[in-house]
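Note sheet for the following structure.
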Amino acid sequence: QPRQTEKSESYCIVIPPPNVTGSLHIGHALNNTLQDILIRWKRMQGIQTLWIPGTDHAGIATQNVVERQLKEEGLSREDLGRQAFIERVWKWRQQSGDTIIGQLKQLGASCDWDRLRFTMDEGLSLAVRKVFVQLFDEGLIYRGERLINWCPRCLTALSDIEVEHEDIKGTLYYIRYNLAEDPEAFLTVATTRPETLLGDTAVAVHPEDPRYQHFIGKQIKLPLTTRTIPIIADPILVDREFGTGAVKITPAHDFNDFEAGERHGLKPLTILDFKARMDPLGLKHAMVNQALLNTLSLKAVQDARPIVIETLKEQDLLLKEEDHPMALGKCYRCKTVVEPYLSPQWFVKTGPLAIPAIEAVETGNIRIIPEGWKNNYLGWMRNIKDWCISRQIWWGHQIPAWYCRTCNKDYLLEPSSTGKGMSGDQGKTPSLTMSCFITSDAKPIVSKTDATVCPQCGGSDLFQDPDVLDTWFSSALWPFSTLGWPEQTQDFKTFYPNATLVTGLDILFFWVARMVMMGIKLTGQIPFRDVYIHALVRDAEGQKMSKSKGNVIDPLTKMSQYGTDALRFTMASMASPGRDMKLAEERIEGYRNFVTKIWNAARFIQLHTHGIKTSAPPESRPFPDQWILSRLNHAIREVTQALENYRFDQATSHLYQFIWHEYCDWYIELAKPSLQQDKHPDGAATRHTLLESFEIIQRLLHPVMPFITEEIWQSFPHEGQSIMTQRFPTERREWTNAQAEQDFSLLQAFVSTTRTGRALLNIPANQPLTIFGTTTNDDEAASLNNLQPYIESILRSTLTLAQTTDWPSDRILQLVAGNLTIGIPVEPDLELNQVVKKVKKQIESKHKECSRLQDRVASPSFREKAESAVIQESEDRVISLGAGTSLAHKQRTTTRHHVDLMSVKTIVAPPPPSHIRKIVQAALEEDIGLGDLTSNVLFSPGMSAQGQIVAKEAMVVAGLAVAQEVFRQIDGSLQLKFHQSDGAWVKANTQLLTITGNAQSLLQGE
RNA sequence: GGGCGAUUAGCUCAGUGGGAGAGCGCUGCCUUCACACGGCAGAGGUCACUGGUUCGAUCCCAGUAUCGCCCACCA
């Protein structure tokens, strides 16, 4: 199916509105950095963009914050009363909202700030009411008495997904339930919650369980009470394998039991109150033994358990206890253990809404990125349950439903007489502040405007449902309510559906799923085309950040420590597709350094160009300029592509790599000679390219680093224009220059290899010297000729190009990089043991690789089955490892050519006699580690030993000389043998040894 | 219980059916006129384990182990 039409002319993001519970945390920094990158990028592409900022009232969370504040003043929300309390929260909301908005601005978020919205502002509240009424009228919102998740601390209902499950080590208690007619006969029931047995209304067994067939239909005398309950058969609830195969049924305090109770017409018996305490009235109804009732009354449920257990023990009714792992539900806002609680609540019937929401994602109309989350979304959506949307709190959208006191007088309960677990605080809890007192039989008047008259009786004694809506109800409307919906505003027409939603995984169900359902239901369109899900930020140890753990990384602190751009760059660089990311502070520091680097480059360019471009581009550009422009094209392509794929990590990596390691390390260095010498012929052209490329870099970098790029932009003469209004760079075809890139690789290989040699020989970088160079490739030889002046300037050396490696000098360190051979003269008295060790290691690894390749190339099955290109490549590499032709291949696979091309081939030139003698003597005295220097690679197996071998398979290094074997002849004189290897290296066309002189004569000569 | 993901350098992480990568950290040299928050050059990895497919596996498949996440009403 075709995707819903792309709106290429507009690009809209709505911010996931931060909660007004405090200040910005690191997750916000990540989330908003990514959005800002996208928005700035699109805006610079000339697309009409809109980024709507805003904040969320965050019902329970915000109410909790303010209640905590009140508590410090010794007050409760009841002390203030609903109206005053809400006013107080509004004040806090103002303060917190301002803080957050200020912090977003500090982060550089380029939102359309005049569109700032709040989930409880007038427009959005109207949208909420309209939606509620519409869905109610369509039967998609209803009120009913159900068992719901209840937080006994927040004192409100929660939706299923607002409960977090935590694995705990529980205990399974085996309890004896005696039969009423015969106390000797009994059933054993296994339960993890023995205290709830007081509310049992039945015991269930499996209908086909032979053990219990004869019990079905009989009565149990419920322990600790004077009640009897029936034994029933239920194949759904009972798993014969588990426990004893007999299950107690407590409909008011367990979801399964509630359903079982409904199946069997069992009336729930509530024994816990709304604060999860043992409810006296409930216990009375449950006919709990009086003494126990007195003990348990108003005890917290967790304290009641040991009492119940103790009492059971006293009566010999507790048969067994065993460990039993189980999951405990906790409130996602305050981590209190939630209780199933039977109460009248409002629900959204989600089934019909889910169908198109599933289809939208299945067909790809809505794209979820990374795609892996798609199944998560679909799985949840396909098993969706009705959504409990009423909350017994004060802060939020009060439900637009009213009740007529006259018509509903039978359905409004007094706390003291409810028997609904409300008796605990009788007299203290003001009546009708909680909807629990309005039974599900009451008839609500649902209306967009405040109802004042009862349509039934015409009376005016109405009151509004005290509950408020789940925060996520208004959030679900955010993509269109912020655009003026339900009015068909110009904004709505232009920017809906939104382009991209950027959010964290943690609110996929809470928010994303609901937006899709509501969006499609109410607007007939998907709310957004792409959902980009980013990882969650964890600390360096991988722990979830939380205030209580003290491992919170405060983005604002980091911003002031390292700069906002560094933090933004860090966030983007870590946004690889994945589940979570660990934030190590060193990383921010590293990118701070990057910012500094850019800043210094700007200073350099300012210094040499004064920000003034020559009027026209130069007719011919110097070679380094050609190269950097070609590479710049490459960088533009890579960054753009990465952003298109939401690969912020790749985008930043390309920026970092290009700017630091190509532009600064190579281009600026190569530009220096023509800038620093007066009247250099390339001076004007270089200045032009330098400035032009740097400006493009600023624009390329701007979406990620808005601050430094703007500052640099302003420091150049741009007549006060903001870089924000500039265009994002696009490739310029005429700048791509394969030849220049290839030549530059040769230059880099040459320079890096030479530097390696310098480092090996300990020659200071600033010491001028003459170096030699040659290449076996004709094209490269020609290029090398042209590159000579650049190589000379960057190496501060004189370069002599030769036809062969027959260098016009006696003592040369010869290094090989691909086709390239570089010779560096060596001081006569330089000790080379360390050098040789390093060289040897490299030779060995090269040799290994070479023989592996040789085997492969020689293998018939490989030749037969592998692709011809692969065969060709392997053959090329065999040659290049020996004779060196791999440069072209290198260029295809990497942009860096410093180290990896280098191999050291050999050390040449006949050694001075004194060195030979020294080494031989040392060898005889066995005080130099010949063993350290042995090398199979260099050993020639064909050598016949004459006399005693002093050092077999030895590569003895004497200054510059390499000997393979040292013999003591029968007469006691010594003989050194040098020879050319005929091992694998020769096959690979590598001359390992070039010393063939008669060593003995050298030795004896002195 | 189900599903998903991870396991690659000391650390944090990219990556690919055919030569193992980056950043940070580490080692050595260098205060050279953009930058010591710097430059140059290095060291460092059985790509978790075991099988399989393949001419060839770090990559694909199966299994194992460890860790993590999500979902779930086995009392």
Side-chain angles (χ1 to χ4, degrees), chain A residues 161 165 172 189-193 204 236-239 241-250 254-260 324 326-327 340 372-373 375-376 379-380 383 505-506 508-509 536 538 540 542 562 566 573-574 576 578-584 586-587 589-608 649-650 653 656-657 664-665 668-669 672 676 751-752 755-760 762-766 796 838 849 852-853 856 859-867 869-871 873-874 877 880-881 886 889-890 893-894 896 898-900 902:
Chain A
I161 51 177
H165 293 275
L172 193 58
V189 160
T191 179
T192 54
R193 299 203 61 187
I236 299 169
L237 180 70
V238 180
D239 171 3
E241 308 300 316
F242 188 88
T244 59
V247 191
K248 68 191 216 41
I249 297 181
T250 322
D254 183 281
F255 290 100
N256 284 324
D257 294 4
F258 181 75
E259 284 175 19
H324 182 68
M326 52 185 283
W373 300 123
N375 285 337
N376 240 16
W380 186 79
N383 287 305
L505 177 69
D506 49 338
L508 179 67
F509 303 144
L536 261 47
R538 294 168 183 279
Y562 299 108
S573 74
M574 294 195 312
S576 304
R579 313 232 146 199
D580 49 21
M581 52 168 84
K582 293 182 207 170
L583 177 59
E586 296 77 44
R587 204 145 163 186
E589 195 181 339
Y591 293 126
R592 186 271 317 266
N593 296 351
F594 181 47
V595 174
T596 308
K597 185 80 180 178
I598 296 166
W599 181 247
N600 282 311
R603 272 181 48 203
F604 175 83
I605 289 157
Q606 185 72 265
L607 191 69
H608 289 284
D649 58 327
Q650 291 177 350
S653 158
Y656 187 95
Q657 184 67 28
C664 291
D665 284 355
I668 289 186
E669 290 308 313
K672 277 178 183 173
Q676 286 165 352
V751 170
S752 293
R755 283 172 176 163
T756 303
R758 277 189 124 133
L760 282 169
N762 244 332
I763 305 168
N766 58 356
R796 299 177 190 214
K838 285 182 181 173
E849 192 187 341
R852 202 175 69 230
L853 275 168
R856 181 198 293 172
S859 153
S861 53
F862 174 72
R863 302 205 73 88
E864 198 182 315
K865 293 179 180 173
E867 291 170 37
V870 173
I871 298 174
E873 196 184 300
S874 298
R877 266 169 48 217
S880 75
L881 281 167
S886 71
H889 174 68
K890 261 306 189 199
T893 55
T894 174
R896 294 198 69 184
H898 305 259
V899 187
D900 33 14
M902 192 210 69

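Reminder, nothing fancy here: chain letters follow the sequence lines and each chain counts from 1.
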Worksheet entry | Exercise: identify the closest heavy-atom pair between A:Val595 and A:Ala566 | CG2-N, 4.2 Å
Worksheet entry | C1'-based separation of B:rC49 from B:rU58 [nearest Å] | 13 Å
Worksheet item: Quick one: does A:Ser874's side chain get under 4.5 Å of A:Phe862's, heavy atoms only?
Response: yes
Worksheet entry | A:Leu505 CG to B:rC4 C1', straight-line distance once rounded to whole Å | 11 Å
What does the list of N/O pairs under 3.5 Å between the protein and nucleotides 44-46 of chain B look like, with a distance for each?
| residue | atom | partner | partner atom | Å |
| --- | --- | --- | --- | --- |
| B:rG44 | OP1 | A:Lys841 | NZ | 2.8 |

Fill in: For the student: nearest non-hydrogen atoms of A:Val189 and A:Thr244, plus distance
CA-OG1, 3.9 Å
Worksheet item: Closer than 4.0 Å, any side-chain N/O of A:Tyr656 to the OP1 or OP2 of B:rA14?
Response: no
Practice prompt. Check whether any side-chain nitrogen or oxygen of A:Ser752 sits under 4.0 Å from OP1 or OP2 of B:rA41, and answer yes or no.
Written response: yes
Practice prompt. Find the distance A:Ile236:CD1 to B:rA75:P and express it as a whole number of Å.
Written response: 17 Å
Response to the item:
Closest non-hydrogen contact found for A:Ala601 with A:Ile668 is CB-CD1, 4.0 Å
Item to complete: Check whether the ring centres of A:Tyr562 and A:Tyr591 lie less than 6.0 Å apart, and answer yes or no.
Response: no
Worksheet entry | First encountered from the 5' end of RNA chain B, between A:Asp257 and A:Asp649 | A:Asp649
Worksheet, complete the sentence: note: A:Lys582, atom NZ; B:rC13, atom P; distance rounded to Å ~ 4 Å
Practice prompt. May I ask you to verify if any side-chain N or O of A:Arg856 is less than 4.0 angstrom from the OP1 or OP2 atom of B:rG19?
Written response: yes
Discussion item. Can you measure A:Met581 atom CE to B:rG5 atom P for me and round it to whole angstrom units?
Written reply: 19 Å
Item to complete: Would you mind classifying the nucleic acid contact of A:Ile249 as base, sugar-phosphate or nothing, using non-hydrogen atoms under 4.0 angstrom?
Response: nothing
Worksheet entry | Set of residues satisfying ring-ring contact (aromatic ring centres under 6.0 Å, His included) with respect to A:Phe258, sequence neighbours excluded | none
Worksheet, complete the sentence: Side-chain atoms of A:Val870 come closest, of B:rG18, B:rA75, B:rC13, to B:rG18
Fill in: Presence of A:Thr756 side-chain N/O under 4.0 Å of B:rG42 phosphate oxygens OP1/OP2
yes
Practice prompt. Could you tell me the separation between the CD atom of A:Glu259 and the C1' atom of B:rC74, rounded to a whole number of Å?
Written response: 13 Å
Fill in: Geometric cation-pi criterion, A:Lys672 with A:Phe604: 6.0 Å, 45°
yes
Discussion item. Just to verify, what does A:Phe242 make a ring-ring contact (aromatic ring centres under 6.0 Å, His included) with, not counting sequence neighbours?
Written reply: A:His324
Fill in: Nearest-angstrom distance from the residue atom CD of A:Glu873 to C1' of B:rU16
13 Å
Response to the item:
Under a 4.0 Å heavy-atom criterion, the protein footprint on nucleotides 27-39 of chain B, written with B, S and -, is -------BB-BSS
Practice prompt. Calculate the interatomic distance between A:Phe862 atom CZ and B:rG17 atom P; express it in whole Å.
Written response: 16 Å
Worksheet item: Among all residues two or more places apart in sequence or in another chain, which pass the ring-ring contact (aromatic ring centres under 6.0 Å, His included) test with A:Phe509?
Response: A:Trp380
Worksheet item: Between atom NE2 in A:His165 and atom C1' in B:rC69, what is the gap in whole Å?
Response: 15 Å
Worksheet item: Which dot-bracket notation, 5' to 3', represents the base pairing of RNA chain B when pairs are defined as Watson-Crick or G-U with both distances under 3.5 Å, crossing pairs as [ ], and inter-strand pairs as |?
Response: (((((((..((((....[..)))).(((((.......))))).....(((((..]....))))))))))))....
Discussion item. As a test of reading the structure: which of B:rA20, B:rC24, B:rA75 is closest to the side chain of A:Glu586, going by heavy atoms?
Written reply: B:rC24
